[in-house]
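Computed from a predicted structure; not experimentally measured. When reading the values below, keep in mind they use all heavy atoms of this one structure, side chains included, and skip hydrogens, waters and symmetry mates. Ligands are counted one by one from 1 in listed order, and the atoms in each one are counted from 1 as well.
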Amino acid sequence: MAEDGLMLNIFSAPVKIQKTTNRRPLSTAEKWAQKKRESKRKAVFEPQESSASKQRKINQTGQQHTHEKKLQSPRSPSQRSNNTDTEENGDQRENSAVKSPSKVKTFPKKAPEEQGDHGRPFIKTSSLFRNNPEIPDVLSPAVTQVKEKVFTSNSFEELDLHPHLVATLNKVLNVTSMTSVQKKTIPVLMSGKDAVVRSQTGSGKTLAYGIPVVQFLQAIQPKVKRSDGPLAVVIVPTRELALQSFQMFQKLLKPFTWIVPGVLMGGEKRKAEKARLRKGINVLISTPGRLVDHIKNTLSIAFSSVRWLILDEADRILDLGFEKDLTVILNAVNTTGPERQNVLLSATITEGLSRLASISMKEPVSIHVSEGSEETVEACPQAAPEALSDSYAVPERLQQHVVLVPSKLHLVCLAAFILAKCKFEQRQKLIVFISSCEAVEFLLTLFTEVLCEKPSTTSTKHTSTSLNFYRLHGNMRQEDRTEVFQKFSQCKTGILLCTDVAARGLDLPQVTWIVQYNPPVSAAEYVHRVGRTARIGAQGSSLLFLTPSETAFVDVLANHNISLSKMKMEDILSALMKDERFKGRGKWDSKKSAAAFEQEVRERATVLQTDFENYVHANNESLQTAKSALQSFLRAYTTYPSSLKHIFHIRSLHLGHAAKSFGLRDAPQGLGSSISANPANSKDSKKSKDKAKRPPKKLTAKERVSNLMRSEYLSGIDGASKSKKRRKKKKGQAEEEQSAAE
Ligand SMILES: Nc1ncnc2c1ncn2[C@@H]1O[C@H](COP(=O)(O)OP(=O)(O)OP(=O)(O)O)[C@@H](O)[C@H]1O
């Protein structure tokens, strides 16, 4: 079973949790062994230091501690007075157990003038800036980026379209000239051919298939009737995308009221969908799992008239292990139907897509828009898409950045970036990609509580706007998902925290920044995520967070002709200098030296981290939420494909440092066993021990794909329903999360 393998992978991973309480003195041999383990770990996580620098550090330790002790506690001491804190050196501190409130070490109250502006009592805070791995120099290899011209000077009038359709395009959709992909695709599809279409994100692929479908359907005589059932079937991977494509068809079909569009998607009431199907839907937009569900269970669904089958984001549909679902769909539409046109579209052609093309299409025309490819509209007997798989086009006006941030500093760095953009700049709209639903929920609460200013507090020095956080992931109720999708579409400024459920196809207007807080599982997913900005010729920016050990992902992207420019972590953190809420203990004077500035930035980052940690440790509920968010992050981390495991391997994560990025002061103990029956962790269970001894079951290729893509399942992308049900029977928590996503 794929899941068994996965669980084993996750929880038997060498995640080391040190116990530090109730220690007895170590014997010499134990000390030696510990020293050896420590130096081995340091070789992985920390820069090599000269003995002189080590000595310097030892000499400085006392001083540093004194300095840290002077850092202040959060704003509401009353609310957070029972917070724990730890004060140990480096890793020991991070891995030590959470002390009970009674053991909290508090410091003697200082005179009011020493307390700083917010009256934080002094607490000990572990250093964010020590024991971090060295940040290497990242040089994005020089690559020639693939360019695609978005617009042409040709108008829709040049095509032989129904005048009402042209009028709708001009007046309802406000589009007059064709984009390059539309100019190339529409005539091919109107001539009745199958096509594989690749063009960059936000280049108008939806209309490239929507216009020919509507032109075709309105011309059918006698007129199309509802009772004809579906004549066009559009399959998309997520519910929001289904809704978006449906809305586009609604607009296009305005003048042709006798043709009825409809959408089926997981999360909606089946009964209501059945009723709509019974009434008759002519253009059917659906997620794959839901359509299969209806094919099997709804007698009123008849595919005898289907003339178009369109797979949008076709590579993703295949990636997710939808092959079985697609076979069911293809069998259903193939039964008695007439000649059918098939269209596959995506911004990223993969090997999988060409495989799909070969099973479902007849001599498809390959359409791609890269510059210098004017003559690339050609008959493509299967192999041609593969020729495209190495380089991806990203929008020309997209500015791509990467920042290397040690795990410990991830949280404050993201917070500082959000503050910089959305508090101290105007009209910024951010999407932040996070690897799991729980982490999205956790960050939403944490940021809302710690970063958003309470109405009573006002910032004096800098004009600031309020922060509006939204979240989108697969564990949300469908009504909430739809509401957030609509609200974020309409808002002028805000921050959407989301999983990859929002990575594909969504056309959210005026997004200015894409932040990939957790790296994507592939270069293709990178392209789709950043593609939520800089759409249809607009400008946009993106920022990819990597830890120092993940730096090689920059080369992976370069292999696909994607080049990034470096942003410095210190520059991002320096945004905290504008926020007086996090100011350090000393009086800050802008005339001070650069070194003092840097020191103040660090102090502010530490104050902010302390606020996060105090919020997390304020009560058991928030602590448990942080722990389960960390668990889900670790679980997602194990799902990178084997081709990227040399960069993203759970072994290269430092659990204590990762915990810090969830506001946890220590690496939680018993992490694995609390999630599920992890053989390695459930020491007492004989069954578990036996299981642990068993070699992992060899997985089939398909199971491996499912395994690798599990973070996407967890993130709520519409997955194969049957396998989920099976998993639900067998496993606990993880499966529940997944079924909620459907
Ligand atoms: N000819 C056009 N002129 C102006 N705007 C257009 C034109 N065609 C499409 N658009 C607009 O461009 C935006 C992006 O279109 P669309 O979502 O179809 O892009 P896409 O290529 O499918 O992107 P993705 O690969 O991310 O799914 C939409 O808001 C759409 O209304």
Side-chain angles (χ1 to χ4, degrees), residues 146 148-159 161 165-166 168-186 189 195-214 234-238 240-252 285 310-317 343-350 353 367-370 392-398 431 433 485 489-490 500-511 514 524-540 542 717:
V146 182
E148 290 184 7
K149 211 170 123 212
V150 178
F151 283 106
T152 68
S153 52
N154 304 82
S155 72
F156 289 103
E157 276 88 354
E158 293 174 27
L159 301 168
L161 299 175
L165 181 52
V166 176
T168 305
L169 287 169
N170 295 340
K171 290 185 188 137
V172 180
L173 287 150
N174 292 322
V175 299
T176 44
S177 51
M178 283 185 271
T179 63
S180 303
V181 69
Q182 289 161 356
K183 184 184 167 190
K184 288 183 173 185
T185 309
I186 296 171
L189 296 184
V196 177
V197 183
R198 182 182 117 168
S199 76
Q200 67 188 14
T201 50
S203 58
K205 290 187 287 294
T206 320
L207 281 180
Y209 69 78
I211 293 170
V213 166
V214 172
V234 182
I235 309 289
V236 295
T238 65
E240 286 71 25
L241 189 50
L243 205 59
Q244 188 178 287
S245 308
F246 167 66
Q247 285 165 348
M248 189 273 294
F249 271 108
Q250 273 185 317
K251 288 180 187 160
L252 282 183
I285 299 110
I310 293 150
L311 304 187
D312 201 359
E313 309 297 344
D315 55 331
R316 164 51 90 227
I317 289 171
V343 190
L344 308 185
L345 306 104
S346 179
T348 47
I349 301 290
T350 61
L353 189 64
I367 297 170
H368 51 106
V369 182
S370 343
Y392 296 136
V394 289
E396 210 174 340
R397 299 183 70 201
L398 171 69
I431 299 183
F433 284 100
F485 173 58
S489 293
Q490 286 153 16
D500 272 337
V501 78
R504 292 261 180 168
L506 295 193
D507 188 49
L508 298 157
Q510 292 155 7
V511 173
I514 302 297
E525 287 320 293
Y526 172 92
V527 168
H528 288 278
R529 283 173 167 195
V530 295
R532 295 319 99 208
T533 187
R535 295 176 74 73
I536 205 84
Q539 213 163 9
S542 67
I717 287 178

Identify the closest protein heavy atom to [atom]: which residue and atom is it, and at what distance?
{"atom": "atom 19 (O) of ligand 1", "value": "Gly204 N, 3.2 Å"}
{"atom": "atom 17 (O) of ligand 1", "value": "Arg535 NH2, 2.9 Å"}
{"atom": "atom 12 (O) of ligand 1", "value": "Ile536 CD1, 3.3 Å"}
{"atom": "atom 21 (O) of ligand 1", "value": "Lys205 NZ, 2.9 Å"}
{"atom": "atom 14 (C) of ligand 1", "value": "Asp507 OD1, 3.5 Å"}
{"atom": "atom 9 (C) of ligand 1", "value": "Gln182 NE2, 3.6 Å"}

Any nitrogen or oxygen of Gly202, main chain or side chain, under 3.5 Å from a nitrogen or oxygen of ligand 1?
yes

Would Ala347 count as a polar contact of ligand 1, with the cut-off being nitrogen or oxygen pairs under 3.5 Å?
no

Compute the minimum heavy-atom distance from Ser177 to ligand 1 and say whether it is under 4.0 Å.
yes

Mark whether atom 26 (O) of ligand 1 lies under 4.0 angstrom from at least one protein heavy atom.
yes

Quick one: which of Leu508, Val175, Asp312, Asn174 has a heavy atom closest to atom 7 (C) of ligand 1?
Val175

Would you call Glu158 and Lys183 a salt bridge, using N to O less than 4.0 angstrom?
no

